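Below, all heavy atoms of this structure are taken into account, side chains as well, without hydrogens, waters or symmetry copies. Naming convention: chains lettered A, B, ... in sequence-line order (proteins, then strands); numbering from 1 in each chain. Predicted model only: the values in this text are computed from it and were never measured.
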Amino acid sequence: MEEFSGDRLNRLTGMLKRRGVLLPAFEIHGGVAGLYDYGPVGGRIRNKVNQSWLNHWLTLGNIVEISSPTITPYSVLDASGHVGEFSDYIIQCNDCEEASRADHLVEDVYPNADSFSFEKLTKVISELKPICPACGSSSWGNIKSQNLMFSTNIGNGLSGRKGFLRPETAQGMFTSFTSIYRHFRERLPFGAVQVGKGYRNEISPRQGMIRLREFNMAELEYFIDPAVNYEHDFSIWEDKFTLISEDEGEIDLTLKDAVQTGIIKHPTVGYFMGMTFDFVREIGINPIHIRFRQHESNEMAHYALDCWDLEVFGSFGWVECVGLAHRGCYDLEAHEKATGERLRSWRSFDKPKIVNIDGWTIDSSTVGPTFKSLAGNIKEEIEKLSAESTFPMDLVIDGNAVTIEEKHVKRIQIEQKISGEWFIPHVVEPAFGIDRLIWHALDHSYTETEKSGEDYTILSLPKAISSIDVTILPLFEKDGIDTLAKKLHITLCKNRNLVANYDGSGSIGRRYARADEIGVPYCLTVDYDSLNDNTVTIRDRDTGNQKRVKIEDLEF
RNA sequence: GCGAGAGUAGUGUAGUGGUUAUCACCGAGCGUUGCCAACGCUUGAACCCGGGUUCGAGUCCCGGCUCUCGCACCA
């Protein structure tokens, strides 16, 4: 099995670059840290992973795919909390020039300092004069704001509106909630997925594909009714999963037990953990290098109620590749508050509630002209009175003494039927870092072996995500073998969703090796017999076994 | 962002101021070869970018970019 080492990593990245899988972007202009190209081989891998991901979640049956812009107005990300959360206030020590997070310096006194404004932090720092953790001095420069989102202007000049490139795709699902809700005939649960780019202006991207400035992500926002106990079938996953729980530490448990004992706090989160595991395994990540880690309460994102990361072990150690968060009602509530729009779901009561109102209200035709601007407050007070109240009555409204007479009030006796209520759905969100997953699929598939005493590498990618589905090899490019091979190539290429490759240069062994290196699952070799009986040999990448088949019987 | 090291064909590398920049793999063409990186011939391809020092810079100096490592940061 794969044994991760720095040397192996160097050989792997060399191969990925040489063969056009993953390459530093814009390299002829010097390159940019944190930006990568998927090359001629990698491009289709990325596409197939995205498509498999979509297909995987669509099997739930209540999922729609949407696509929203990457350019996002300021107010959306302000409402979602990203403007605040993605901004760090940095302050530099005048003596040793070490930069520190301003809020960290004062959080002993103000534990909520990370939510302070620029002005408030400046004031608090000058009052507390915290000690520099690096040199012990307490002479500080000015606070600088550092935002990890790419900012831009939507429109030109003075009429331009401030915006950002989105740091996650999720907000598009929340801002489209009402449309999705109507699409599903206003019945929970349902989900919306989106596959697309996200952007974070990382301070120092490192570790190749692990931390990117522009990255591919795939997210599902699954909306549920918090009052319903959802039942899921956990019998599909009989094996134990490796869980690192906040309370229990590392334990091996079945998903069913983890949900029943409350280690996983919501059954839907548990079910999605199982689905996530299945997907990740399907695209070629070795299950023995997968674990789920629960976020500790103090590291949890601003919105989450419970959060599990799927982590994968590879050349860079354990890396979080998928985040599964129970976001509660945070996001919809935040956009509701910011916009005044209703982002809720209707829940009918089993039996309508009957509410009897028996009391008083004002006669606005007399209260209005008499009390003018106090009328509104008077109405509020009068409606609080019991049915037994009598008039005239002296009241103090906003510091003004008023006398309410009988002509100012009316008796009300109403029977009100309330058939249900509006509530904010809760959200369970699996968020996938596609690039990190592709990286680990490549990392785990890259197999270094020996063949007749020579180093030999095979990329044992699953068929589902291999870039080229089949390579056609003429044994020699002469005597009509090449003609037949080229004809076969063109015929196979006519199949939609099939990528066939023709390779006629170099010895046959060399060409097998080239195909193995980038993980082509099958090679078809055309030889002299093919000319007579219309058969070819099909050779399997992983076993090397060859079988002779008629061209018309090929299953491509 | 700070500190240290590094950057030479597609990949991996040699090269301590002085000829046409080394070697291997690699790619392409031709020949040979009856199925797993064979062989022969031919051929392709590089000093990260920009300044400076010098008669002369891949080599020395400065700045930038990128990579690696450590620190910091990390929904």
Quiz item: Without hydrogens or angle criteria, can the side chains of A/Asn216 and A/Asp435 be said to hold a donor-acceptor pair below 3.5 Å?
Solution: yes

Quiz prompt | Residue list, salt bridge (Lys or Arg N to Asp or Glu O under 4.0 Å) with A/Asp469, at least two apart or on another chain | solution = A/Arg44, A/Lys48

Quiz prompt | Nearest-angstrom distance, P atom, B/rC48 to B/rU16 | solution = 15 Å

Quiz item: Can you tell me how far P of B/rC35 sits from CG of A/Asp529, to the nearest Å?
Solution: 12 Å

Practice problem: Report the residues that fulfil side chain to side chain donor-acceptor pair (under 3.5 Å) with A/Tyr74, sequence neighbours left out, ordered by chain and then residue number. | Solution: none

Using the 3.5 Å cut-off, write out each protein N or O paired with an N or O of nucleotides 65-69 of chain B and the distance between them.
| residue | atom | partner | partner atom | Å |
| --- | --- | --- | --- | --- |
| B/rC65 | O2' | A/Gly30 | O | 3.0 |
| B/rC65 | O2' | A/Gly31 | O | 3.3 |
| B/rU66 | OP1 | A/Ala33 | N | 3.1 |
| B/rU66 | O4' | A/Gly30 | O | 3.4 |
| B/rC69 | N4 | A/Arg206 | NH2 | 3.4 |

Anything under 3.5 Å between a protein N or O and an N or O of nucleotides 28-32 of chain B, put it in a table, one pair a line.
| residue | atom | partner | partner atom | Å |
| --- | --- | --- | --- | --- |
| B/rA28 | OP1 | A/Ser505 | OG | 2.9 |
| B/rA28 | OP2 | A/Ser505 | OG | 3.1 |

Self-check item: Residues forming a salt bridge (Lys or Arg N to Asp or Glu O under 4.0 Å) with A/Asp516, sequence neighbours excluded
Solution: A/Arg539

Quiz item: Which pairs with one or both residues in residues 448-457 of chain A pass salt bridge (Lys or Arg N to Asp or Glu O under 4.0 Å), sequence neighbours excluded?
Solution: A/Arg11-A/Glu448

Quiz prompt | Separation of the C1' atoms in B/rG56 and B/rU19, to the nearest angstrom | solution = 13 Å

Quiz item: When the distance from CG of A/Leu473 to C1' of B/rU33 is rounded to whole Å, what number comes out?
Solution: 16 Å

Quiz item: A/Glu454 has an atom CD; how far is it from atom C1' of B/rC26, in whole Å?
Solution: 14 Å

Quiz item: Distance only, no hydrogens: is a donor on one side chain within 3.5 Å (strictly under) of an acceptor on the other, for A/Asp503 and A/Thr471?
Solution: no

Quiz item: Roughly, in whole Å, what's the span from CG in A/Asn201 to P in B/rG1?
Solution: 10 Å

Quiz item: Of all residues at least two apart in sequence or in a different chain, which pass the ring-ring contact (aromatic ring centres under 6.0 Å, His included) check with A/Tyr38?
Solution: none

Quiz item: B/rC74 pairs with which nucleotide, Watson-Crick or G-U wobble, both distances below 3.5 Å?
Solution: none

Self-check item: Length of the line joining A/Arg510:CZ and B/rG27:C1', which is rounded to integer Å
Solution: 10 Å

Quiz item: Quick one, which residues of residues 547-556 of chain A touch RNA chain B with a heavy atom under 4.0 Å?
Solution: A/Arg548

Practice problem: With RNA chain B as reference, determine whether A/Pro167 or A/Ile508 sits nearer its 5' end, using the nearest nucleotide of each. | Solution: A/Ile508

Practice problem: Please give the nucleotide sitting opposite B/rA9 as a Watson-Crick or G-U wobble pair, both distances under 3.5 Å, or none. | Solution: none

Quiz item: Is A/Glu202 touching bases, backbone alone, or none of the nucleic acid, heavy atoms closer than 4.0 Å?
Solution: nothing

Practice problem: Can you see which heavy atom on A/Pro474 is nearest to which on A/Asp482, and at what distance? | Solution: CB-CA, 4.2 Å

Quiz item: Does B/rU68 pair with anything, Watson-Crick or G-U wobble, both distances under 3.5 Å, and if so, with which nucleotide?
Solution: B/rA4

Practice problem: Round to a whole Å and report the spacing from CD of A/Gln546 to C1' of B/rC36. | Solution: 8 Å

Quiz item: Does the side chain of A/Arg166 pick up a donor-acceptor pair with the side chain of A/Thr72 at under 3.5 Å?
Solution: no

Practice problem: Report the distance from atom OH of A/Tyr512 to atom C1' of B/rA37, rounded to the nearest whole Å. | Solution: 13 Å

Quiz prompt | Interface with RNA chain B, restricted to residues 431-439 of chain A and to heavy atoms under 4.0 Å | solution = none

Using residues 549-556 of chain A as the side-chain source, report each donor-acceptor pair under 3.5 Å to any protein atom, sequence neighbours left out, with the distance given to one decimal.
| residue | atom | partner | partner atom | Å |
| --- | --- | --- | --- | --- |
| A/Lys550 | NZ | A/Asp533 | O | 3.3 |
| A/Glu552 | OE1 | A/Asn534 | ND2 | 3.3 |

Quiz item: On a whole-Å scale, what distance lies between the C1' atoms belonging to B/rU13 and B/rA72?
Solution: 35 Å

Quiz item: So, A/Asp78 versus A/Ser75: side-chain donor-acceptor pair below 3.5 Å or not?
Solution: no

Quiz prompt | Distance, P atom - from B/rG12 to B/rC71, rounded to whole angstrom | solution = 27 Å

Close N/O contacts between protein and nucleotides 8-12 of chain B (under 3.5 Å):
| residue | atom | partner | partner atom | Å |
| --- | --- | --- | --- | --- |
| B/rU11 | OP1 | A/Lys17 | NZ | 2.8 |

Quiz item: How far apart are the C-alpha atoms of A/His444 and A/Phe4, what are their side-chain angles, what is the distance that settles it, and do they pass the ring pair (Phe, Tyr, Trp, His ring centres under 6.0 Å) test?
Solution: CA-CA 9 Å; A/His444 291 182; A/Phe4 304 108; 5.8 Å; yes

Quiz item: Between B/rG1 and B/rU43, how far is it from one C1' atom to the other, in whole Å?
Solution: 49 Å

Quiz item: What's the shortest heavy-atom distance between A/Leu35 and A/Arg213, and which atoms?
Solution: CD2-CB, 4.0 Å

Result block: side-chain N/O donor-acceptor pairs under 3.5 angstrom for residues 14-26 of chain A, not counting sequence neighbours:
| residue | atom | partner | partner atom | Å |
| --- | --- | --- | --- | --- |
| A/Lys17 | NZ | A/Glu27 | OE2 | 3.2 |
| A/Arg18 | NH1 | A/Glu517 | OE2 | 3.2 |
| A/Arg18 | NH2 | A/Glu517 | OE2 | 3.4 |
| A/Arg19 | NH1 | A/Arg514 | O | 3.1 |
| A/Arg19 | NH1 | A/Glu517 | OE1 | 2.9 |

